[in-house]
Amino acid sequence: MKTEVKLPEIADNVVSGYLSRVLVQVGDVIEKDQSIIEIETDKAATDIPSPIGGEIVDIKVNKGDEIRVGQTILVVETEQVESDAKPASDKPQPEPEKQKPEPEKQKPLTVTPQPEEATPATSKLVPASPTVRRLARELGVDIAKVKGTGHAGRITDADVKAFTKQLINSSLPSTTTEYAEVPDFSQWGSVAFEPMSRIRQITAESTVRSWQTIPQVVQFDKADITGVEQFRQIHRTRVEKAGGKLTMTAILLKVSAMALREFPKFNASVDMKNRQIIYKDYVHIGIAVDTEQGLLVPVVRDVDKKSITALSAELNELAERARNRKLTSEEMQGGNFTISNLGGIGGTAFTPIVYPHQVAILGVSRSAMEQVYRDGEFVARNMLPLSLSYDHRLIDGADGARFLVWIAQALEQPLTMLL
Amino acid sequence: MDNRKEHELVVIGAGPGGYRAAFMAADLGLQVTLIDAQPNPGGVCLYRGCIPTKALLHLARVKEEAMKASAWGLTFQEPVIEREKVKAWKEGVIKQLTGGLGQLTKARKINYIQGWAKFTGPNTLLVKSKETEVFRFKQAIIATGVTPVKLPFVKEYTDRIMNAEIALELKTIPEKLLVIGGGYIGMESATIYRALGSEVSLVEVLSIVMPTMDKELTAVYLKQNKDLFKEQFFETRVTSLEEHDGKVIATMGAFKNNQLTGDPFTREYDAVLISAGMKPDTSALGLEEAGVEIDGSGFIRINEESRTNVPHIFAIGDVTGGALLAHKASYQGRIAAEVIAGKKAAFDARAIPAVVYTDPEIAVAGLSEQECQDQGIAYRSVKFPWAASGRAVANGDPAGLTKLIIEEDTDRILGAGIVGKGAGDLISEAVLGIEMAARVGDLAMSIHPHPTISETLMEAAELYLGHPVHVAPPRKK
């Protein structure tokens, strides 16, 4: 019996993904739960297991395709063979004389065999009038996904417009954005073309959106981490035993969490549409991770409630999975604040871009021994350059300076955090 | 070297699909060339199909009504049928309508060419009219329709061995006529000739007429047409037709499971009308040169934008298969023109109405019960008999039936079927309801004029809701 394997629900609010890898071939005999394809959604790559076992007789998708939940991925011949297996087409081939133009031969949606038509049966019944359906088509919106607010769930043109707006504002790159043509660079020399990966596209769209909507100010400071470095050396092995690595990032994570508790505005979001500020009673912090595929930002939950040891272990594990592209899209959502530590690479300072729906990001550069004038003399101190970009709509310059100074002091004198 | 003029859009075939596409495209600002063999747009529908048939069916209905009226106390004399005058009237209707389309074509500054076109490449057409020339075109729409299936033993059509188009020329009114094929064209043709005085018989390979139509509706039709045919042969196939001394000898035999089973027998008729289906004839179009693909039955493959596999060549209407209906072609024409003009349009109609213009008419729209079952949709159907409609009784037409198919979970109207006089005009309300996703209560709570047959739609809706006016409410479970 031939069974179609369809793309299952991957995660909440995820309706489609890009096929990054096909892990099987026609003719392969697969087992139940064996991974068949890898799907890139949002920023995560997920292996999709087969719900059944059997021989693959057809693969309906290609690398790079956008695949919707419910779309057929492949066809599997399962071992049970029904005695009267139906032919692939349930339509008997009419003989020429019988091809009567009966008017009742109606096909509600399609009029001829249309291979590309893969509309699920339910979408035929979407309660929307022809003009509303047309509007959705013009806006590039799948009407089946629009929630109707009209009588008995009927979809109005306002519903389609609201859905479209939401799509544009959501983290998914808008399909309707128009970009200017670039010049033909080949007139000046030879060029090569490479399609943008999903991660690159999303990063590009999201940074543009942030740049265009958030007026950003960058505050710089230097923290004396001579003490913190000693602390790191002393406790390194203890944390290693717990499965983590006592890095500067882990410490900064904890310090930032305490700062966010101290300065709730930095743990908030700006809602211009409703003219309100949304304060959050949880402290989830994103950590920018450099991977071969590009920038990924897993989010560590409830940082304020976890010990540095626990955070070290969690960071290790998240970074590992980010590099292996095993993060789920949920794991990259819900951050209130982000830390981007480029200290491992170098540099004296940089101006990070605030993530959409957050209000600040902490950039960390490479620490260095510097001469610091203290108590009447120059002393050698290990200084860590910090850059804080913040959303000036919500945060005033003085707040920004206070926040960063607080972090710097907390690194110098950790007990201040407990004051 | 290539100084031939490039045409922005060429529409080949000016039937209801082709002229709709041309008009829409012109209205959207495109330069349109429309090519058809006839002097004016209209195609088979206006010249040899829908319209002349309806003119003659109108006569048939007038006669039928007049005859029936004697039961109500109004007796006319036996009508005199003046064939030449009937023909002239029918020709007049065609001339008026196609002439009107010609005017509308001019008013839109569409370049109308009376001639034939053949692709010679993906962007070139050979056009034969007064002179032969080669066109370059940017985009094209193929709207060349279908032709009647020719039975293998018919060498050529004559005044006695006719297809439906020839039969409309009314060259004779045969005393005894055999109709081959009980599809809607056969049934409509039989209705016309019966009214013109012919004694009509039917032969059909299947076991029933109009096989795919809702059986409840055809049952009502058949009950009122018990004497339409002198003789009817079901599961029977004609194997030869011989013209002899002004007669046609038809040889036929029982036909089951795709083979002849019984001994052949013969009947003698004055004429035979063959309506054994339609097929696309694209052999002279040069589709291969253009690279346009057809399917196994010869229909051009298109997507929901009406685009063929060659992205700048579109096809609409009967030549693309599916339901062979003028109004479907017209809608596709509109869509294709919009797509060509850069709009995001696609064929997504939920209800393609279909009407058989017999007496009484049968009309359906939306999903049938069978389609609901096939698609696993939970539905309930309600039937309102016209015997409970004041107007239907007053019209002397109480045998009709109005049926609604309603989705159980949502109370949405998914389909409708009507059999009775004027069913074809009544069905449009259901089409609007289905397209607008109307619920049965919307239909029930829209005031319908009294007394009209349109009330039967409202009453059927009320019946579903449990409170009809003119029939007893369904018993409570």
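Below, each value reflects all heavy atoms present in this structure, side chains not excepted, and no hydrogens, waters or symmetry copies. Order of the sequence lines sets the chain letters (A, B, ...), proteins ahead of strands, with each chain counted from 1.
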Under 4.5 Å from a heavy atom of chain A, the part of Leu414(B) involved
side chain

For Phe163(A), give me all partners under ring-ring contact (aromatic ring centres under 6.0 Å, His included), at least two apart in sequence or on another chain.
none

On a heavy-atom basis, the closest approach of Ala437(B) and Ala128(A) is CB-N, 3.9 Å

Would you compute the distance between atom CD1 of Ile335(B) and atom CZ of Arg134(A) and round it to the nearest 0.5 angstrom?
5.0 Å

Below 4.5 Å from any heavy atom of chain A, which atoms of Asp411(B) appear? Answer side chain, backbone, both or neither.
neither

Run Thr131(A) and Glu435(B) through side-chain contact (heavy atoms from CB on, under 4.5 Å) and show every step you take.
CA-CA 10 Å; Thr131(A) 47; Glu435(B) 287 289 356; over 6 Å; no

More than 12 heavy atoms of other groups within 6.0 Å of Gln187(A) CD:
yes

If you compare all heavy atoms of Arg412(B) against all heavy atoms of Val126(A), which two are closest, and at what distance to 0.1 Å?
NH1-C, 3.7 Å

Side chain, backbone, both or neither: which part of Glu338(B) has an atom under 4.5 Å from a heavy atom of chain A?
side chain

Within 6.0 Å of NZ in Lys145(A), more than 12 heavy atoms from elsewhere:
yes

Sequence-distant partners of Glu38(A), salt bridge (charged side-chain N to carboxylate O under 4.0 Å, His left out), two or more places apart:
Arg21(A), Arg325(A)

Residue part contacting chain B, namely of Arg154(A), when any heavy atom lies under 4.5 Å
side chain

Heavy-atom pair with the smallest gap, counting every atom of Asp348(B) and Arg137(A):
CB-NH2, 3.8 Å

Between Ile377(B) and chain A, which part of the residue has a heavy atom less than 4.5 Å away: side chain, backbone, both or neither?
side chain

Pairwise side-chain contact, Pro127(A) with Met436(B), heavy-atom cut-off 4.5 Å (strictly under):
no

More than 12 heavy atoms of other groups within 6.0 Å of Lys60(A) NZ
no

Got more than 12 heavy atoms from elsewhere within 6.0 Å of NZ, Lys256(B)?
no

Between Ala363(B) and chain A, with a heavy-atom cut-off of 4.5 Å, which part of the residue counts as in contact: side chain, backbone, both or neither?
neither

